[in-house]
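Sequence lines set the chain letters: A, B, ... in the order given, protein chains first and strands last, and positions in each chain run from 1.
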Amino acid sequence: MIALTFPDGARREFPQGITGLDVAKGISPSLAKRTVAMVLDGAIADLGDPIEADAKIEFLNRDDPRALELIRHDAAHVLAEAVQSLWPGTQVTIGPVIENGFYYDFFRNEPFSLEDFPAIEKKMREIIARDKPFTKEVWSRDETKRVFRDKGEKFKVELVDAIPGNEPIKIYNQGEWFDLCRGPHMTSTGKIGSAFKLMKVAGAYWRGDSNNPMLTRIYGTAFAKQEDLDAYVHQLEEAEKRDHRRLGREMNLFHFQEEGPGVVFWHPKGWSVFQSIVAYMRRRLAADYAEVNAPQMLDKSLWETSGHWDWYRENMFAAQSAGDEAEDKRWFAIKPMNCPGHVLIFKHGLRSYRELPLRFAEFGIVHRYEPSGAMHGLMRVRGFTQDDAHIFCTEEQLAEECLKINDLILSTYADFGFESDLVVKLSTRPEKRVGSDASWDHAEAVMTRVLEQIAARSGNRIKTSINPGEGAFYGPKFEYVLRDAIGRDWQCGTTQVDFNLPERFGAFYIDADGQKKMPVMVHRAICGSMERFLGILIEHHAGHFPLWLAPVQAVVATITADGDDYAHEVIAAARKRGLRVEADLRNEKINYKVREHSLAKVPAMLVVGKKEAAERTVSIRRLGSQAQTVLPLEQALAALVEEAVPPDLAGARKAA
RNA sequence: GCUGCCGUAGCUCAGUGGUAGAGCACUCCCUUGGUAAGGGAGAGGUCGAAAGUUCAAUCCUUUCCGGCAGCACCA
C-alpha cells in the first residue's frame with residue numbers, strides 16, 4: 001500500500017501501482033472526467049501513470065495555469081498529425097512548448113506557407129473533435145528505431161540515439177498517430193479545446209546547428225479559453241503599434257535606407273533624444289570618469305596586437321585610401337571596439353599606482369559587420385555609439401570597481417524607469433578563450449563574490465544567475481538585463497574583466513615598490529548601444545517620452561491668426577526657460593492641429609486664442625488626455641520647466 | 001549567413017505582357033474655424049538594380065541589392 005496526500009491535507013492509502021485515473025474515479029466520476037493530468041510531489045505526470053510510492057497528489061483540470069503547457073504540447077502533437085495526414089511523407093522532428101505557444105519542425109522539400117494554415121487548422125480541429133486518448137507505451141530502443149526507420153523518419157531515429165541510455169523511450173499514441181515524446185500529456189486530444197491558432201512559419205536548423213539541414217517550423221499558440229487567445233493576439237497588435245521602426249518613422253526620429261544597411265540616419269528630433277541621453281550619461285560620469293576619444297580607424301597591425309584581427313575579423317570593416325595613385329595602400333580597420341584605443345591612451349607616458357583606478361569613458365562610435373539577417377531597426381545595427389568605459393585598476397581594487405559600476409548601472413536604469421525585474425547574469429569562461437585557467441579561476445571567484453554582494457545590497461530585489469560558458473574570450477562578464485513595459489527582456493549593460501589586452505599591449509604602471517605591474521582592465525557599458533537603448537525607450541514608452549527626453553516638449557498652437565503675436569511671445573518665453581517648443585500658426589482648424597500633434601506624440605499642446613491672449617494665459621492639453629487646463633503663462637511654463645528636469649538633477653535637488 | 005516572404009509616389013497600399021493609380025503627407029487658393037481630419041486645385045514615380053525571354057517587361061526567368069519573420073550569430 002502507498003499513502004497519497006491530497007491538497008486539502010487528507011491522506012489515504014491505495015494499492016501500490018494504482019493509476020491517477022483510478023484514484024480520481026474513486027473520488028468522483030466527474031472529477032475523473034474533468035481532470036487532464038495529475039501533479040505528484042509538484043511534478044506534472046500523465047493521469048494514467050501508476051503511482052508507486054507515497055506522494056502528494058493533485059488533480060489538474062484544463063483551466064489550471066499549470067495545464068497551459070500541456071494544452072500547448074498536445075496541440076503541437078495534433079499539429080504534427082494534421083500536417084502528416086495532409087502531406088504524407090513529411091518528416092516530423094521536434095515540437096516543444098515555448099514561452100508564448102509551441103512550434104513543430106518539419107522536414108519537407110516544399111516548405112509550408114501561410115496559405116496552408118486554414119487547411120492545417122481545420123484538420124487539427126477534426127483531430128481534436130475525435131477526442132482520442134493519449135496513451136503511453138515504453139518501447140525498446142531497437143524497436144523504436146526500426147519503426148521510425150521503416151516510416152522514413154530519419155530525424156526521429158537520430159533523436160532516439162540522442163536519448164541518454166538510462167531513460168525509457170516513450171511513445172504517445174493519439175488514435176492511429178503516435179510520436180516519440182518525453183510527455184506528459186493530457187488524457188485526450190479533445191482537452192486541447194478550440195482556443196488555438198497557427199501564427200507563423202519560418203526556417204530553423206535541425207538541432208539548431210547552421211551546418212544541418214533547414215527545417216520548416218510552424219509556430220502556433222493555444223490557450224485554455226478563447227478570451228485568453230484573443231487577449232494574446234491583441235497584445236501582439238499592441239506590441240506592433242509600439243515597434244520603434246514604425247514610431248521612428250511616424251515621429252520623424254530617424255530613417256534607414258538601402259545605401260547604408262544597418263546604419264542610422266538620425267533626424268533632428270531623434271538626435272535630440274539621443275543627445276538628451278548622452279547628456280544625462282555625461283552628468284552621471286562627471287565625478288569619476290575622464291572622457292576621451294580614440295581614433296575611428298587604426299592600422300591593421302594594431303588589431304593584430306589586440307587579437308581582434310584573429311578573433312573578430314569576420315565582424316570588422318576595413319578601409320584604405322580610395323585613390324588609384326595613392327602610394328600608401330595599407331589597411332586600416334574601422335574600430336569595432338574602443339578598448340585598444342583606450343589601452344593606448346593609458347600606455348602613453350608612465351603611469352603611477354597613484355593614478356589608479358583610472359577610468360576612461362568614451363561615447364565611441366563602433367562599426368561591426370553584423371550578419372545581414374541579424375539587423376533589426378535600431379536594436380541591431382552595424383554602426384553604433386557605445387557608452388563605453390575602461391577602468392584600469394589594481395587587483396585589489398577590482399571588486400570595489402565592479403560594485404561601483406553596479407551602482408551606476410542600476411541607478412541609471414532606475415532614472416529611465418526600469419526599476420523592477422532586473423537581472424544580473426555572470427557569464428563564465430567559454431571554450432574558446434585566452435589566458436590561463438588560474439587567472440580565470442581567480443577572476444571568476446572575484447566576480448562570483450561580487451555577484452552575491454550585488455544581490456545582497458539590493459535586498460535581493462536584483463535577481464542574479466550564471467550563464468556558464470557565455471563569457472567573452474578575454475574574461476568573464478556581468479550582463480545586466482532589464483524588462484520593458486510589455487515584459488520583454490533586454491540585455492544592455494555589461495561589466496567585463498579583462499586580463500588579456502593589458503598583457504598583449506604590454507600596459508603597466510609603476511607600483512609603490514618601484515616595480516612595473518600590469519593593471520587589471522575592466523570594460524563596462526551601461527546603455528550598451530545608445531541606438532539600441534533609445535529603441536528600447538521608444539518601445540517602452542510607446543513613443544510617449546517623458547518630458548525631459550521628448551524632442552519637442554510642447555507645441556504652441558493658435559486658434560486663428562489673431563493669436564499669432566501672443567503665440568510668438570509664449571514661444572520666446574518658453575525657449576528662454578530652456579523648453580523645446582515649436583509653433584503651429586498654420587491656417588488650420590484647432591481640431592486638425594490637435595490631431596496632428598497628438599499623432600506626433602508631442603507631450604503638451606499650448607493652445608492660444610483671443611481669450612488667452614487677452615488674459616495672458618495658455619490652454620494646456622496633455623498627450624493622452626482630452627482635458628484642458630487654463631493657466632497663467634508664467635505658471636504654466638514653470639510647471640513644464642519643473643517637469644522637464646532630468647531625473648538625476650531632480651534627484652540631486654531633492655537630496656540637497 | 002540560412003530558409004521563406006516582400007520591394008510600385010515621402011508614408012500606407014491598389015494594379016496590368018502594350019512604359020501607372022488611390023488615400024494621407026507636400027505646394028497654392030478659398031476658408032479665421034476653441035481641442036483628434038473644412039473645401040478645391042496642383043505637383044510628385046527610370047514600378048529596388050542588372051541581365052535574359054518577348055515585336056513589346058513594372059508584370060515572366062536569373063543574378064545581385066535592400067527589407068520583413070524565424071533560425072544561427074550578438075566577440
Respond yes when some side-chain nitrogen or oxygen of [X] is under 4.0 Å from OP1 or OP2 of [N], and no when none is.
| X | N | result |
| --- | --- | --- |
| A:H376 | B:A69 | yes |
| A:R249 | B:U12 | yes |
| A:R621 | B:A36 | yes |
| A:T560 | B:G33 | no |
| A:R586 | B:U32 | no |
| A:Y592 | B:G34 | no |

Establish whether the base of [N] is bridged to the side chain of [X] by a donor-acceptor pair shorter than 3.5 Å.
| X | N | answer |
| --- | --- | --- |
| A:S619 | B:U35 | yes |
| A:R380 | B:C73 | yes |
| A:E370 | B:G1 | no |
| A:Y205 | B:G1 | yes |

TODO: Name the pairing partner of B:C26, where a pair is Watson-Crick or G-U wobble with both distances under 3.5 Å, or state none.
DONE: B:G42

Open item on the list: Less than 6.0 angstrom from the centroid, inside 45 degrees of the normal: does A:R72 satisfy that with respect to the ring of A:F223?
Closed with: yes

TODO: Assess A:R433 against A:Y474: is NZ or CZ under 6.0 Å from the centre of the six-membered ring, and within 45 degrees of the ring's axis?
DONE: no

For atom [atom1] of [X] and atom [atom2] of [N], their distance in whole Å:
| X | N | atom1 | atom2 | answer |
| --- | --- | --- | --- | --- |
| A:K593 | B:A37 | NZ | C1' | 14 Å |
| A:F384 | B:C74 | CZ | C1' | 9 Å |
| A:R108 | B:G4 | CZ | C1' | 13 Å |
| A:Q257 | B:A49 | CD | C1' | 15 Å |
| A:H255 | B:U12 | NE2 | P | 13 Å |

Open item on the list: Reading RNA chain B from 5' onward, which residue's closest nucleotide shows up sooner: A:A472 or A:E612?
Closed with: A:E612

TODO: Between A:K477 and A:L599, just flag the one whose closest nucleotide in RNA chain B comes earlier from the 5' side.
DONE: A:L599

Open item on the list: Between B:C11 and B:A51, how far apart are the two P atoms, rounded to whole Å?
Closed with: 26 Å

- [ ] For nucleotides B:A25 and B:G45, find the distance between their C1' atoms and express it as a whole number of Å.
- [x] 16 Å

How would you label the contact of [X] with the nucleic acid (heavy atoms, under 4.0 Å): base, sugar-phosphate, or nothing?
| X | value |
| --- | --- |
| A:R245 | sugar-phosphate |
| A:N591 | sugar-phosphate |
| A:V201 | nothing |
| A:Y103 | nothing |
| A:M375 | sugar-phosphate |

Salt-bridge contact [X]-[Y] (side-chain N to carboxylate O under 4.0 Å):
| X | Y | value |
| --- | --- | --- |
| A:D243 | A:R249 | no |
| A:E304 | A:R504 | no |
| A:R586 | A:D584 | yes |

Task: Sole candidate of A:F107, A:Y104, A:Y103, A:F106 that passes ring pair (Phe, Tyr, Trp, His ring centres under 6.0 Å) when paired with A:F112 - done: A:F106

